[in-house]
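Here's the structure, in structure tokens; my notes come after.
Worth saying up front: this structure is predicted, and the values here are computed from it rather than measured.
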Amino acid sequence: MKKLITIVFLLAVIAAFYNSAYSQAFRINGYGFYTLDDDVEAVNGNNYFRGTVKAGALWGGSFEYNAMKEYGVEVAYFRQDTDFPVNYYTGVSYDKDFSLGINYIMFGVNRYIVIPKSPFEPFGGIMIGAAILENKDPLPGAESSTTKFAWQIKAGVNIMATKQFGFKFQAHVLSAVQSVGGGFYLGTGGTSAGLTTNSSMMQVGFGGGLVFKFGKNL
């Protein structure tokens with residue numbers, strides 16, 4: 001349900017900008033990435049939590065408005081489904097594999113390096129927003145979802161096959177701050193109690209996608 005709401009929200013943003021922005025320049029970007037393993041750890045006294053957000057596919061899309069050749073304002077949605085094996089100790093040591101769904105809703109600014117008469121568009125950018133994490137296998141007393149602050153830094157290059165269409169190559173670091181830990185996976189009562197400290201996710205990704213340009217040619 002949350003994924004559907006997110007997609008509807010993104011489409012509504014695109015529709016809202018379309019009529020007013022058609023005489024300007026804007027882009028629709030499609031993304032596909034491979035993210036590396038990310039180890040997370042939280043310690044509180046003698047209790048601890050250690051896990052690995054496993055490597056996997058991250059996909060998404062965005063709408064980008066370009067008021068100038070050198071700058072773009074972007075609204076993006078990303079999704080990842082992955083495994084999260086965890087070892088935790090709250091008096092007794094446990095091991096469990098969780099299924100994790102991550103939704104990112106992001107807003108940010110891109111900076112382009114304009115090379116006259118060249119198909120290459122080097123760029124860098126920074127985004128902030130929210131990460132909605134879904135624990136598909138929650139323990140008794142644990143929250144099944146949580147929403148945390150997220151940020152992204154990225155760099156790459158667009159290679160334009162035509163003035164309206166191109167290919168995107170990008171590397172990024174994507175982080176959900178204080179997103180996983182005791183309250184989310186271990187629970188807060190009964191046998192699954194004992195650790196409330198959280199840890200941030202820091203995901204490194206490589207990949208790219210497609211770029212579609214519309215409107216005024218800047």
Side-chain angles (χ1 to χ4, degrees), residues 1-14 31-44 47-63 74-90 94-108 127-154 172-205 207:
M1 183 63 181
K2 288 182 178 179
K3 182 166 66 172
L4 178 61
I5 293 173
T6 301
I7 295 173
V8 170
F9 169 78
L10 183 59
L11 292 175
V13 171
I14 293 173
Y31 291 102
F33 300 103
Y34 182 80
T35 61
L36 305 181
D37 284 353
D38 177 44
D39 295 326
V40 295
E41 179 178 3
V43 179
N44 186 358
N47 301 325
Y48 67 79
F49 167 102
R50 294 186 179 93
T52 301
V53 180
K54 302 301 289 183
L58 176 76
W59 58 269
S62 74
F63 173 85
E74 185 176 13
V75 178
Y77 168 78
F78 304 113
R79 169 77 183 188
Q80 182 181 9
D81 293 282
T82 187
D83 295 322
F84 190 23
V86 169
N87 172 256
Y88 51 97
Y89 179 84
T90 57
Y94 298 91
D95 292 288
K96 182 171 174 61
D97 290 341
F98 295 95
S99 295
L100 177 63
I102 313 172
N103 300 281
Y104 291 98
I105 304 172
M106 309 295 288
F107 173 83
M127 305 191 83
I128 60 173
I132 303 170
L133 290 89
E134 304 169 355
N135 182 357
K136 301 176 183 179
D137 308 293
L139 293 173
E143 299 175 4
S144 60
S145 67
T146 186
T147 301
K148 297 294 182 178
F149 174 76
W151 58 266
Q152 180 194 51
I153 56 174
K154 58 183 177 179
H172 68 244
V173 177
L174 186 59
S175 177
V177 178
Q178 294 295 299
S179 53
V180 294
F184 185 33
Y185 282 97
L186 305 188
T188 56
T191 58
S192 51
L195 183 62
T196 57
T197 302
N198 289 326
S199 181
S200 299
M201 288 180 5
M202 188 80 69
Q203 297 180 288
V204 176

**Study point:** salt bridge (Lys or Arg N to Asp or Glu O under 4.0 Å) partners for K96, two or more places apart
**Key:**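 Once residues adjacent in sequence are excluded, K96 has no partner under the salt bridge (Lys or Arg N to Asp or Glu O under 4.0 Å) criterion.
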Review point. With a 4.0 Å cut-off, would you call D37 and K54 a salt bridge?
Key: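 A salt bridge is present here (some side-chain N lies under 4.0 Å from a carboxylate O).
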Exercise for review: Kindly indicate, with the supporting measurements, whether the criterion side chain to side chain contact (heavy atoms under 4.5 Å, CB included) is fulfilled by Y77 and W59.
Suggested key: CA-CA 8 Å; Y77 168 78; W59 58 269; 4.0 Å; yes
Check your understanding: Under 3.5 Å, is there a donor-acceptor pair between the side chain of N103 and the main chain of L133?
Key ->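 Pair absent, no side-chain N/O of N103 close to backbone of L133.
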Review point. Got a donor-acceptor contact below 3.5 angstrom from the T35 side chain to the V204 backbone?
Key: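 No: the side chain of T35 does not pair with the backbone of V204.
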Practice item. Dump the intermediate steps for side chain to side chain contact (heavy atoms under 4.5 Å, CB included) on L58 and R79, then the final yes or no. Key: CA-CA 6 Å; L58 176 76; R79 169 77 183 188; 5.7 Å; no
Check your understanding: Would E134 and S145 count as a side-chain hydrogen bond (donor to acceptor under 3.5 Å, both in side chains) if you check the C-alpha gap in whole Å, the side-chain angles of each, and the deciding distance to 0.1 Å?
Key -> CA-CA 4 Å; E134 304 169 355; S145 67; over 6 Å; no
Which heavy atom of [X] sits nearest to which heavy atom of [Y], and what is that distance?
X    : Y    : value
S62  : E74  : OG-OE2, 2.6 Å
K148 : V177 : CB-O, 3.4 Å
A55  : T82  : O-OG1, 4.1 Å

Practice item. Measure from the ring center of Y31 to the ring center of F78 and say whether it is less than 6.0 Å. Key: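 Under 6.0 Å, so yes.
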Practice item. Report the C-alpha distance between I102 and M201 in whole Å, list the side-chain angles of each, state the deciding distance to 0.1 Å, and finish with yes or no for side chain to side chain contact (heavy atoms under 4.5 Å, CB included). Key: CA-CA 11 Å; I102 313 172; M201 288 180 5; 3.6 Å; yes
Review point. According to the interplanar angle, ranging from 0 to 90°, do the rings of F84 and F98 count as parallel (below 30°), tilted (30 to 60°) or perpendicular (above 60°)?
Key: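 F84 vs F98 ring planes: tilted.
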Review point. Considering residues at least two apart in sequence or located in another chain, which fulfil the side chain to side chain contact (heavy atoms under 4.5 Å, CB included) criterion with D39?
Key: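 In terms of side chain to side chain contact (heavy atoms under 4.5 Å, CB included), with neighbours along the sequence ignored, D39 is linked to T52.
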Exercise for review: Report the C-alpha separation of Q152 and S175 in whole Å, then their side-chain angles, then the decisive distance to 0.1 Å, and conclude whether the side-chain hydrogen bond (donor to acceptor under 3.5 Å, both in side chains) test is met.
Suggested key: CA-CA 6 Å; Q152 180 194 51; S175 177; over 6 Å; no
Check your understanding: Rounded to the nearest 0.5 Å, how far apart are CZ of F63 and CZ of F107?
Key ->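 Here the interatomic distance stands at 11.0 Å.
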Review point. Is the shortest heavy-atom distance from the side chain of M127 to the side chain of I153 under 4.5 Å?
Key: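 Heavy-atom side-chain distance check fails, nothing below 4.5 Å.
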